[in-house]
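Here's the structure we're looking at; comments come further down.
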Amino acid sequence: MSIAPATETRLLQGLNPEQLAAVTLGPEPALILAGAGSGKTRVLTTRIAWLLQTGQVSPGGVMAVTFTNKAAREMLTRLSAMLPVAVRGMWIGTFHGLCNRFLRAHWKLAGLPQGFQILDSSDQLSAVKRVIKAMGLDEERFVPKQVTWFIAGSKEEGLRPRDVEVRDEHGRTLVRVYEAYEAQCEREGVVDFAELMLRSYELMRDNDALREHYQRRFRHLLVDEFQDTNRLQYAWLKMFAPPGREQAVFAVGDDDQSIYAFRGARVGNMADFEREYRVERVVKLEQNYRSFGNILDSANALIAHNRQRLGKNLRTDAGAGEPVRVHEATSDYAEAQWLLDEAQQLHRAGTALAEIAVLYRSNAQSRVIESALFNAGIPYRVYGGLRFFERAEVKHALAYLRLIENANDDTSFLRVVNFPTRGIGARTIEQLQDAARASGRSLAQSVGAVAGRGGVALAGFVALIDGLRERTQGQTLREIIRQMLEDSGLITFYRTDREGQDRIENLEELVNAAEAFVTQEGFGKDAVALPVDEQAPDAAAGVVPDADTGEIMSPLAAFLTHASLEAGDNQAQAGSDAVQLMTVHSAKGLEFDAVFITGVEEGLFPHENALSDADGLEEERRLMYVAITRARQRLYLSFSQTRLLHGQTRYNVKSRFFDELPEGALKWLTPRQQGFGSGYARSYQEAWARGSGLSGIVGAGRVEPAPVPAAMASSRSSHGLKVGQSVFHTKFGEGVLLTLEGEGDDARAQVNFGRHGLKWLALSVAKLTPIE
DNA sequence: CGCAGCGCTGTTTTT
DNA sequence: CAGCGCTGCG
């Protein structure tokens with residue numbers, strides 16, 4: 001190794017022994033179990049820098065894969081801060097970004113048109129809808145969303161239509177839809193996200209020369225968030241670096257933070273990787289640099305309840321710190337009010353608002369909190385809303401741009417053929433689609449087949465697009481977009497629209513985004529570097545065109561690719577000092593001085609839909625683990641007795657996760673519930689006071705009656721139970737009565753028994769005793 | 001063709 | 001409750 005030792009020393013300075021071991025591992029397969037806050041990104045980037053600096057690999061021999069653009073950017077930024085390296089030759093990016101790069105280079109071999117465009121999820125949904133319609137299927141039985149899910153799921157398992165196992169008629173039809181969808185994408189020259197992965201995988205698998213070329217090229221592959229990879233992504237990786245070869249795969253992940261099983265992530269890939277690659281060194285990064293002891297103790301104790309683990313325990317040198325504060329509220333509204341007060345106090349004591357995060361399990365919970373913050377005039381930012389390139393007006397504009405690039409993009413055609421309205425109605429489009437279907441051509445190619453007034457209007461639309469294409473020939477991206485905004489009538493339309501001002505601003509912003517895209521440093525690197533794909537590689541000569549040399553694709557096509565691959569930030573005022581509101585999922589990877597985890601209730605967190613199987617519960621627990629480990633100094637957990645959900649008051653019990661946290665690390669801000677139900681008496685009274693619920697309460701059997709307000713005594717029902725009431729069951733223990741149905745012997749009650757779940761009980765059979 | 005009103009349905013999400 | 005998609009009317 002011909003390096004200046006001084007530089008190497010500087011690079012490795014400050015790493016702890018585990019990190020150092022990971023960073024300086026030899027060229028062998030390695031699995032790094034990186035706990036939350038253990039300096040994972042630092043290890044990843046330092047390793048790349050170290051490999052480069054010590055001359056073990058050249059930039060062109062490095063591939064580093066992440067899941068999100070943000071993570072990829074972060075890696076690039078940190079890397080270039082460490083080393084004055086040309087990041088140019090390195091393949092650092094998201095799985096999909098790298099696949100795009102690969103397919104742009106080898107489009108011909110992959111059987112794609114040169115300027116193929118990428119469908120985002122909403123484009124894909126409308127494409128599937130069209131297929132379902134065209135096949136004359138019932139959308140009730142073949143729900144477009146589910147069909148889309150089926151297609152993406154199949155692709156992510158590596159299955160083409162012919163590979164999918166069919167059990168019944170319904171399955172057979174699904175496969176036919178999948179087939180037709182593929183044919184349609186092919187015809188229109190578009191690919192969806194999963195297709196990017198699958199196509200790349202198949203090309204590597206089937207083309208020996210190409211595969212050998214890339215295997216020779218990439219010496220070091222680094223994978224971030226390995227626990228989130230799906231089957232196809234792992235298979236893809238194995239194509240670039242098969243087990244038992246000399247390439248070094250450096251997989252970094254944390255099985256305890258696997259929270260995406262529901263979308264196909266396979267934690268099992270970690271164990272498979274260890275086995276298949278015969279990993280000798282599993283390095284655990286357990287030193288945590290983020291949180292204080294009580295927070296980590298809570299996280300460790302909680303996650304210890306999961307059975308399926310590789311095993312890992314976080315530790316810190318930071319001391320115990322503050323206790324984890326627990327708050328019980330009477331209602332979601334009260335919870336929000338309390339949280340607001342606490343946040344204000346923190347802020348007054350010097351915590352920046354942006355360092356305060358409010359986490360929740362599902363988006364529906366944000367509303368109450370938002371309104372509390374809004375009314376108090378505290379700035380906040382909600383993550384996960386509509387993102388820039390997903391906004392309707394922006395998508396309209398992009399559709400025009402896509403048509404300029406590719407007239408056969410039917411998805412885009414349908415999106416804007418009558419927007420702004422130009423007298424092209426449903427029946428005209430119907431005729432056009434029939435004609436297109438009959439001739440197997442695109443909509444744009446079929447306009448001639450429609451007669452009458454509709455035909456004229458259609459011809460006018462096609463002429464508009466053609467005109468735009470001709471007029472913008474050779475213009476800059478900025479000019480193209482400006483011209484399109486004018487000619488399409490979008491600007492004019494929104495100018496007369498009541499709420500059009502914001503939309504016009506967004507369209508202006510699109511021009512800026514394009515400008516930024518063109519001038520940004522990375523231009524020409526990712527989407528734009530469009531290599532020459534010289535026919536099929538000459539296997540005999542061993543010459544394969546590589547993805548890093550070649551011609552430039554048009555700025556417009558590059559920009560459209562960028563827009564699909566990176567949906568942009570969500571609109572909220574980034575940068576300003578504001579409380580951060582988000583789901584636990586979107587909090588992954590982030591950290592804050594103070595964190596509120598709200599709605600820690602049975603049915604919500606863990607979510608009721610995840611309770612049907614043990615795996616579901618374990619994923620919920622990992623989710624809670626992720627939430628807890630976001631906090632640096634202060635952590636709050638709160639739950640509420642009642643919550644307005646779907647317009648109905650729900651009566652909740654505190655989450656079972658509280659029983660899994662170390663009592664010594666917690667501080668209850670509200671009186672701890674003693675024995676059965678003391679916490680519920682209040683909710684019941686409140687429910688009564690509000691006039692919801694209401695049939696009254698009678699002590700049944702041996703249990704003493706609750707103190708019943710006089711007004712209620714008159715409305716007793718025969719079973720003596722009411723909604724919101726705490727009850728005791730000999731088998732399931734304490735619970736809260738959610739619903740009452742039927743009369744007399746038919747009366748049934750739905751009860752939330754916390755860890756035993758939601759139960760329907762026949763009152764004539766079940767012994768339910770009210771608890772005070 | 002466009003709009004108003006009705007009814008249904010509610011986890012988590014990146015690319 | 002609230003957002004969406006579909007229907008039916010003008």
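This is a predicted model, so every value here is computed, not measured.
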Note to self: Within the 4.0 Å limit for protein heavy atoms, which parts of nucleotides 4-10 of chain C are touched? Write it as a string from 5' to 3', B for base, S for sugar-phosphate only, - for none.
What the structure shows: -------
Next item on the list: Please determine if Arg231(A) and Glu157(A) form a salt bridge, counting it only when a charged side-chain N lies under 4.0 Å from a carboxylate O.
Entry: yes
Check: Side chains of Phe67(A) and Tyr260(A): does their closest heavy-atom pair fall under 4.5 Å?
Finding: no
Check: Could you write out DNA chain C as a dot-bracket string, with dots for unpaired bases, | for bases paired across to another strand, and Watson-Crick or G-U pairs counted at under 3.5 Å?
Finding: ||||||||||
Item checked: Test: Arg381(A) cationic atom under 6.0 Å from Tyr383(A) six-membered ring centre, within 45° of axis -> yes
Check: Would one find more than 12 heavy atoms of other residues, nucleotides or ligands at under 6.0 Å from atom CZ of Phe374(A)?
Finding: no
Item checked: Aromatic contact, Phe493(A) with Phe419(A) (centres under 6.0 Å) -> yes
Next item on the list: For each nucleotide in nucleotides 9-15 of chain B, reading 5' to 3', give B when a protein heavy atom comes within less than 4.0 Å of its base, S when such contact involves only the sugar-phosphate, and - otherwise.
Entry: -BBBBBB
Only pairs under 3.5 Å count here: list side-chain donor-acceptor contacts from residues 134-150 of chain A, not counting sequence neighbours, and write none if there are none.
| unit_1 | atom_1 | unit_2 | atom_2 | d |
| --- | --- | --- | --- | --- |
| Asp138(A) | OD1 | Glu140(A) | N | 3.0 |
| Thr148(A) | OG1 | Pro144(A) | O | 2.7 |

Note to self: From CZ of Arg650(A) over to P of dC1(C), roughly how many Å is that when rounded to an integer?
What the structure shows: 17 Å
Note to self: Taking any heavy-atom pair under 4.0 Å as a contact, classify Ile424(A): base, sugar-phosphate, or nothing.
What the structure shows: sugar-phosphate
Next item on the list: Could you list the residues that satisfy side chain to side chain donor-acceptor pair (under 3.5 Å) with Glu335(A), not counting sequence neighbours?
Entry: Ser638(A), Arg643(A)
Next item on the list: Let me know the distance between CD of Gln365(A) and P of dA2(C), rounded to the nearest Å.
Entry: 16 Å
Note to self: Restricting to non-hydrogen atoms, name the atom on Asn506(A) and the atom on Arg391(A) that form the minimum distance, rounded to 0.1 Å.
What the structure shows: ND2-NE, 3.1 Å
Margin query: Taking the basic N atoms (NZ, or NE/NH1/NH2) and the acidic carboxylate oxygens, is any pair closer than 4.0 Å for Asp256(A) and Arg309(A)?
Written below: yes
Margin query: According to side chain to side chain donor-acceptor pair (under 3.5 Å), who are the partners of Asp123(A), at least two apart in sequence or on a separate chain?
Written below: Lys395(A), Arg402(A)
